[in-house]
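Chain letters run A, B, ... following the sequence lines, proteins first, then strands; residues in each count from 1. Bear in mind the structure is a predicted one, so any value in this text is a computation, not a measurement.
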Protein chains: 2
Amino acid sequence: MQTIGFEKHDHGACIHDTLAKAEASCADTGLRLTAVRRRALEILLAEHRALGAYDLLAVLAEEGLGSQPPVAYRALDFLVKAGFAHKIEALNAYIACAHLGADHTPAFLICRSCRSVAEADTAPAQGRLGDAARDAGFKIEHTVVEAQGLCPACQEIAP
Amino acid sequence: MQTIGFEKHDHGACIHDTLAKAEASCADTGLRLTAVRRRALEILLAEHRALGAYDLLAVLAEEGLGSQPPVAYRALDFLVKAGFAHKIEALNAYIACAHLGADHTPAFLICRSCRSVAEADTAPAQGRLGDAARDAGFKIEHTVVEAQGLCPACQEIAP
DNA sequence: TATCAACTGATACATTATAACAAAAAGGCT
DNA sequence: AGCCTTTTTGTTATAATGTATCAGTTGATA
C-alpha cells in the first residue's frame with residue numbers, strides 16, 4: 001500500500017474506482033448509499049484535500065441536497081462509519097478514503113499551506129505505539145496518526 | 001522514557017516536579033509563567049485527564065482569574081507553545097505534559113470510558129510514518145499520535 | 001521614569017457540532 | 001397490494017468550541 005495524495009495520478013479513475021468500490025461494499029453489507037451520501041462522497045473525492053462539514057454543506061446546499069448542518073454531519077458520519085471517508089482530527093475536517101476496500105489503519109500527511117492530505121498506512125498499533133499500549137495494559141480500538149508539515153509543492157513556494 | 005498515566009504514582013510529587021521544571025524552564029528562556037498560566041498548568045496537572053478549554057475556564061472563573069474564553073485559550077496556547085501541555089486533537093482538549101523537560105514527541109493513549117490519558121513516546125517520525133513522509137517528499141513539522149480505547153481499569157468495568 | 005513589548009479584560013462574533021421531533025421513504029411481510 | 005417497522009430526511013433550535021479586536025495594564029529595560 002502506498003501513500004496517495006501528492007503524486008500525479010489519473011484522478012478520474014481514482015474517483016470512479018472509489019465510487020464503484022463504495023457501491024459494491026454497500027451492496028454486500030446492506031448499507032444504503034443514498035443520493036446525499038453518494039454526492040457527499042463524490043464531493044470529498046473531487047480533491048485530495050480535507051473539507052470541513054460546512055464546506056461540504058455549502059456544495060450540497062447549492063445542489064438542493066440539503067441546507068442544514070445535520071445533513072452534512074449525517075452524511076459524513078455515514079461515510080466515516082462505512083470506512084469511505086476519514087476525519088482529520090487536527091483540522092476538524094474530512095477526506096475521502098484513498099484505500100477503500102483495503103483493511104488499513106490510515107495515517108495522514110497534512111500540508112499546512114495548501115491543506116492537501118496524503119493517506120499512508122503505518123499500522124501504528126503494530127509498532128512502538130502498540131508496544132507502549134501493551135506495556136500499559138491499554139486496549140487500542142482506534143488510532144489517529146496525523147503528521148503536519150509541507151507537501152513537496154509547497155516546500156518550493158514557501159520553504 | 002515510559003508511559004505515564006494509568007499506573008499508580010506519587011501524584012503530589014508529579015505535580016510539584018512538573019511545576020518546578022516549568023518554572024525553571026521559564027527562568028531559563030525568559031518566558032513568563034504568570035498567575036493565570038501557572039494556575040492553568042496546576043489545574044491540568046491535577047489529573048491525568050484531558051480538560052476542555054471551557055472546563056479549565058470554569059475553574060479559573062471560580063477563582064476569579066478570568067471569566068471569558070480568551071483567558072483560557074491564551075493560557076492554553078502559552079502552555080502548549082512552551083511545551084508544558086499538549087492538545088489532544090481527538091477530544092479538542094488539553095493535558096499537562098508528563099515528560100516536561102525531555103525532548104520528546106508525544107503519543108497518547110486515551111480511554112474512551114474515563115477520559116484518562118497516558119502519555120507515551122513513540123518518535124513516529126523515525127518510524128514508518130517517517131518512511132512514508134520521505135517517500136512522498138513530505139517535510140514533517142509536527143505529529144499527532146493518539147490511540148483511543150480502554151484503559152486497564154475500564155476494561156474490567158466495561159469490557 | 002520613559003518606552004516598548006507583553007499580557008490582561010472585555011465585547012462581540014465565528015466556527016463546529018448536536019438534540020429533538022415530525023415527516024417521508026424504503027424494505028420486509030402476509 | 002396493503003400494512004408495519006426501520007431508516008432516512010427535513011427542520012428548528014441550541015450547544016460547544018474557538019477567534020478577532022481593541023483598550024487598558026503591567027513588566028522589563030534603557
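- Using a 4.0 Å cutoff to heavy atoms of chain A, the contacted part of DNA chain D runs 5' to 3' from D/dT7 to D/dT12.
- Between A/Ile88 and A/Phe108, some side-chain heavy-atom pair lies under the 4.5 Å cut-off.
- B/Val145 is not listed as a side-chain neighbour of B/Thr105, based on a closest heavy-atom distance of 4.5 Å or more.
- Sorted by residue number, the members of residues 62-96 of chain B with any non-hydrogen atom under 4.0 Å from DNA chain C read B/Gln68, B/Pro70, B/Arg74.
- The closest side-chain donor-acceptor pair between B/Glu47 and B/His11, if any, does not fall under 3.5 angstrom.
- Within residues 27-37 of chain A, the residues having any heavy atom under 4.0 Å from DNA chain D are, by residue number, A/Arg32, A/Thr34, A/Arg37.
- By the 4.5 Å heavy-atom criterion applied to side chains, A/Ile95 and A/Leu44 are not counted as neighbours.
- Across its full length, the helix from C/dT1-D/dA30 to C/dT30-D/dA1 shows an angle of 30° between the axes of its 5 terminal pairs at either end, rounded to 10 degrees.
- Remark: of the listed residues B/His142, B/His104, B/His99, B/His104 is the sole one forming a ring-ring contact (aromatic ring centres under 6.0 Å, His included) with B/His86.
- No side-chain heavy atom of B/Val59 sits less than 4.5 Å from a side-chain heavy atom of B/Asp55.
- Within residues 48-57 of chain A, no residue places a heavy atom under 4.0 Å from DNA chain D.
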*Determine, stepwise, if the pair B/Phe78 / B/Leu31 fulfils side-chain contact (heavy atoms from CB on, under 4.5 Å).*
CA-CA 9 Å; B/Phe78 170 85; B/Leu31 292 176; 4.1 Å; yes
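- Sorted by first then second residue, the salt bridge (Lys or Arg N to Asp or Glu O under 4.0 Å) pairs that include residues 128-138 of chain A, not counting sequence neighbours, are A/Asp131-A/Arg134.
- Taking all atoms of both residues into account, the shortest heavy-atom contact from A/Gly149 to B/Phe138 is N-CZ, 3.3 Å.
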